[in-house]
K.L.:
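This is the structure I have questions about; it appears just below.
Nothing fancy with the numbering, it's 1 onward along the sequence. We use all heavy atoms of the structure for the numbers below, so side chains are in, but hydrogens, waters and symmetry mates are not.
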Amino acid sequence: MSSHDIDLEEVQSKLLPWLEEKMPQARDLTISGMERAGAGFTSVSLPFDLSWKEAGQPWSAGMVFRAPGMGDPVYPDPKLERQFRIMKCLHQTNVMVPKVYWMEKGSGPFGFPFYIMSKIEGLIPSEYPPYHSFGPCYDATPEQRTKMWWGLVESLANLHKLDWKELGLSFLGVPPGGTGPLDQELDYWDNYLEWAKEEPQPILEQAVAWLRKNRYEPTRVALSWG
């Protein structure tokens, strides 16, 4: 399943009762404007608007329904719960992440886990067709592209400078000392290669072997995007 072939009406009809249980104080809860996201291969992301009344006052919020894709997986483990926990830890930092509200860890109304997060307003570069041939990135002036580029670099730098221990991110797996952080990362990609390859990949296998032979002891361990 991807965002491009999911039945939006079915999602709304099943999601509404679930949200009503999560928001017992809300009255006249409605979902509107649900649409398919223009990007994302590994997960289903469906933005929508949520409206309700509480203590007689009207309220509304932009939300996103996020679930693992049900087609051919891109990763061995979608790590949906890990995404949820990381964004919850990062919400009070200077890194722009959506606020996460609720997560269904079991099968729930859809037969698979999912979570609900806030919607951050902005432009989503298209993957159908790809953003480098169509849309706001393609149409941007050199000055706008420069701003995009530096904005990305600054966001990554802010993320990498965070104190991950203070933020409670140790659940990601604290690497041992020495070459442990690199060994942990190389083990991940080595396992990924074994999981993904359908035939021998001598170049990639040689690359992993070279990286293991030339690993070093890092002077600093930081949270890294991706």
Side-chain angles (χ1 to χ4, degrees), residues 1-93 95-131 135-136 155 167-169 171-172 225-226:
M1 180 180 67
S2 70
S3 297
H4 302 279
D5 57 19
I6 196 169
D7 187 327
L8 298 182
E9 291 186 3
E10 181 181 1
V11 173
Q12 292 182 80
S13 65
K14 292 182 177 180
L15 182 60
L16 187 58
W18 187 86
L19 287 171
E20 288 173 339
E21 290 185 5
K22 298 296 181 182
M23 302 174 64
Q25 77 285 0
R27 298 292 180 269
D28 302 328
L29 200 66
T30 60
I31 294 175
S32 62
M34 181 173 280
E35 59 184 356
R36 298 168 178 82
F41 285 107
T42 61
S43 301
V44 171
S45 298
L46 304 175
F48 65 95
D49 296 315
L50 189 65
S51 301
W52 71 96
K53 290 182 180 179
E54 188 173 338
Q57 298 296 316
W59 296 84
S60 63
M63 300 285 191
V64 177
F65 169 92
R66 188 165 175 84
M70 297 299 160
D72 293 334
V74 178
Y75 299 104
D77 178 2
K79 297 182 175 64
L80 202 70
E81 185 177 357
R82 179 176 289 194
Q83 293 177 19
F84 185 89
R85 294 180 66 184
I86 291 172
M87 288 191 289
K88 191 171 184 178
C89 291
L90 296 183
H91 185 63
Q92 300 301 324
T93 70
V95 176
M96 183 178 291
V97 294
K99 181 178 180 180
V100 291
Y101 289 99
W102 312 281
M103 179 168 187
E104 176 60 64
K105 298 180 183 179
S107 58
F110 300 102
F112 50 80
F114 64 92
Y115 61 81
I116 302 297
M117 60 184 176
S118 66
K119 179 169 62 176
I120 297 178
E121 296 298 332
L123 295 172
I124 302 176
S126 170
E127 289 177 349
Y128 304 98
Y131 66 89
S155 295
L167 290 170
L169 289 164
F171 67 86
L172 293 173
W225 179 85

K.L.:
So, for Pro68 and Pro113, which heavy atoms are closest and what is the spacing to 0.1 Å?
P.N.:
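That would be CD-O, 3.2 Å.
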
K.L.:
Give the minimum heavy-atom separation between Leu123 and Pro136, together with the two atoms involved.
P.N.:
CD1-CB, 3.8 Å

K.L.:
Are Phe48 and Phe65, when compared by the centres of their aromatic rings, separated by less than 6.0 Å?
P.N.:
no

K.L.:
To check you understand the geometry: which heavy-atom pair defines the closest contact between Pro17 and Ser13, and what is its length?
P.N.:
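So the minimum-distance heavy-atom pair works out to CD-O, 3.1 Å.
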
K.L.:
For Ile120 and Val97, which heavy atoms make the closest approach, and how far apart are they?
P.N.:
CD1-C, 3.7 Å

K.L.:
Kindly assign one of parallel, tilted or perpendicular to the pair Phe110 and Phe112, based on the angle between their ring planes and the thresholds 30° and 60°.
P.N.:
parallel

K.L.:
Are Pro109 and Phe114 close enough that some pair of their side-chain heavy atoms sits under 4.5 Å apart?
P.N.:
yes

K.L.:
How about OH on Tyr101, more than 12 heavy atoms from neighbouring residues, nucleotides or ligands closer than 6.0 Å, or not?
P.N.:
yes

K.L.:
Which heavy atom of Thr93 sits nearest to which heavy atom of Leu90, and what is that distance?
P.N.:
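Closest pair (atom of Thr93, atom of Leu90, distance): OG1-O, 2.7 Å.
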
K.L.:
Suppose the criterion is side-chain hydrogen bond (donor to acceptor under 3.5 Å, both in side chains): which pairs have a residue in residues 46-63, not counting sequence neighbours?
P.N.:
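For residues 46-63, and leaving out neighbouring residues, the side-chain hydrogen bond (donor to acceptor under 3.5 Å, both in side chains) pairs sorted by first residue read Asp49-Lys119, Trp52-Glu54.
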
K.L.:
Using 0.5 Å steps for rounding, measure from the CG atom of Leu46 to the CZ atom of Arg36.
P.N.:
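Going from the CG atom of Leu46 to the CZ atom of Arg36 covers 8.0 Å.
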
K.L.:
Side chains of residues 18-31: which donor-acceptor partners sit under 3.5 Å, not counting sequence neighbours?
P.N.:
{"unit_1": "Trp18", "atom_1": "NE1", "unit_2": "Glu104", "atom_2": "OE1", "d": "2.9"}
{"unit_1": "Arg27", "atom_1": "NH1", "unit_2": "Pro24", "atom_2": "O", "d": "2.8"}

K.L.:
Measuring from Cys89:SG to Leu167:CG, what's the distance to the nearest 0.5 Å?
P.N.:
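Cys89 atom SG to Leu167 atom CG measures 6.5 Å (nearest 0.5 Å).
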
K.L.:
Could you list the donor-acceptor pairs under 3.5 angstrom formed between side-chain atoms of residues 77-87 and any protein atom two or more places apart in sequence or on another chain?
P.N.:
{"unit_1": "Asp77", "atom_1": "OD1", "unit_2": "Lys79", "atom_2": "N", "d": "2.9"}
{"unit_1": "Glu81", "atom_1": "OE2", "unit_2": "Lys105", "atom_2": "NZ", "d": "3.2"}
{"unit_1": "Gln83", "atom_1": "OE1", "unit_2": "Arg66", "atom_2": "NE", "d": "3.0"}
{"unit_1": "Gln83", "atom_1": "OE1", "unit_2": "Tyr115", "atom_2": "OH", "d": "2.8"}
{"unit_1": "Gln83", "atom_1": "NE2", "unit_2": "Pro78", "atom_2": "O", "d": "3.4"}

K.L.:
Considering non-hydrogen atoms only, spot the tightest contact between Leu15 and Met34 and give its length.
P.N.:
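Nearest heavy atoms, Leu15 then Met34: CD2-CE, 4.2 Å.
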
